[in-house]
Amino acid sequence: MITIKKPEDIQKLREGGKHLALVLAALRDATKVGVKTSDLDALAKKMTLDFGDKPAFLNYKPKGAKRAFPASLCVSINNEIVHGIPSENRELAEGDIVGLDMGLIHEGMIVDSAITVPVGKVDAKAKKILAVTEEALFAGITAAHVGAFIGDIGVAVEAVANRNGYSVADELAGHGVGYEVHEDPFVPNFGMPGQGPILKPGMVIAIEPMFNEGGSEIRHGADDWTILTKDNSRSAHFEHTILITDGAPEILTKS
Ligand code: MG
Ligand code: MG
């Protein structure tokens, strides 16, 4: 069931979205050579609690998961697409690209956003996949106007991947969000024009392109959470939570 958010809940999503944007901006600044991924997680958790909010992913156990997610922040490096678990044994290295994906609960309402950040000096190909995946996020957002269809978002995102020679990671997609971490509808990064549910004011969705340098196939890591590219090519991920309005979509997690 696709939920329509009430005005008072939308206000809470706006406030939570601002907090989450500040958390991700601080994480971006803290992403440096030699930093442990657990340090980024600790910073994300501390800032969230200081706002009086809660990390949405900590102890999150979706249906079918073998265990709950053990951290506040997903940290996914290079060939890891999403859902990487922070660790005190993992340090960021020069040239890495690091996906930082965070969910935050503000007064019961959930927002979800992700960025992928370079560590130190990265190669030109890394710069390109970061720029192109972020471009695809904004192409998807632009397509998410009232009266359009979920499939139109996927068409816009996939077109950016195709014209830049990237593949869209299999099985992974955006989603409705707000009352739950994952709500209907499923928001794929590919699609057909005019396919799927129609977008109505008050719907809140997370759009999140995940592009791979190599093939689209994914594999699951031994930790039961991390999802990697099957061919070990690098992957990038950007995400915003947006509100469908009577006019242009409103980005709730914009800094
Ligand atoms: Mg996310
Ligand atoms: Mg998400």
Side-chain angles (χ1 to χ4, degrees), residues 2-3 5 13 16-28 31 37 40-41 44-45 47-48 53-65 68-77 80-86 97-106 109-117 130 133-134 136-138 140-141 144 150 153-154 157 168-190 203-211 218 225-228 235-244 249 251-255:
I2 299 175
T3 64
K5 272 67 184 181
L13 288 165
K18 285 201 182 88
H19 292 172
L20 181 51
L22 289 168
V23 172
L24 285 173
L27 290 170
R28 177 190 289 279
T31 298
T37 58
L40 296 176
D41 178 57
K45 186 176 184 185
M47 280 187 77
T48 300
D53 299 332
K54 289 180 200 148
F57 300 160
L58 182 61
N59 299 320
Y60 178 61
K61 192 170 184 286
K63 238 190 213 163
F69 192 75
S72 301
L73 178 72
C74 298
V75 182
S76 308
I77 304 175
E80 298 168 348
I81 305 169
V82 283
H83 305 168
I85 299 174
I97 56 171
V98 185
L100 304 168
D101 186 0
M102 173 88 187
L104 177 146
I105 310 172
H106 174 73
M109 297 302 296
I110 301 166
V111 284
D112 187 4
S113 184
I115 53 176
T116 303
V117 180
L130 299 188
T133 311
E134 188 166 26
L137 169 59
F138 286 99
I141 292 170
I150 288 290
I153 298 171
V157 168
V168 169
D170 285 347
E171 297 174 41
L172 304 165
H175 50 91
V177 65
Y179 299 125
E180 306 285 344
V181 172
H182 291 109
E183 297 180 15
D184 290 337
F186 197 63
V187 184
N189 292 313
F190 56 87
M203 282 174 58
V204 173
I205 56 174
I207 299 178
E208 48 181 318
M210 289 155 270
F211 287 177
I218 65 170
W225 270 104
T226 310
I227 297 176
L228 306 97
S235 186
H237 177 212
F238 285 84
E239 177 179 24
H240 273 306
T241 296
I242 68 162
L243 168 71
I244 309 304
I251 303 176
L252 297 168
T253 46
K254 199 172 179 172
S255 52

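Each ligand, and each atom within it, is numbered from 1 in the order the structure gives. Just the heavy atoms: all of them, side chains too, but no hydrogens, waters or symmetry mates, feed the values below.
Atom OD1 is the N/O/S atom of Asp112 found closest to the Mg ion (ligand 1). The N, O or S atom of Glu208 lying closest to the Mg ion (ligand 2) is OE2. The Mg ion (ligand 1) lies closest to atom OE1 when only the N/O/S atoms of Glu239 are considered.
Exactly one residue among Asp53, Leu20, Thr48 makes a side chain to side chain contact (heavy atoms under 4.5 Å, CB included) with His106. That residue is Asp53.
Using cut-offs of 30° and 60° on the angle between ring planes, the pair Phe69 and Trp225 is perpendicular.
Between His83 and Tyr60, the distance from one ring center to the other does not fall under 6.0 angstrom. When ring centroids are compared, His240 and Phe138 come within the 6.0 Å threshold.
Atoms CG and OG, on Leu100 and Ser113 in that order, are 10.0 Å from each other to the nearest 0.5 Å.
Among the atoms of Asp101, no N, O or S atom falls under 2.8 Å of the Mg ion (ligand 2). Because the distance cut-off is set at 2.8 Å, His182 fails to qualify as a neighbour of the Mg ion (ligand 2), as none of its N, O or S atoms comes that close.
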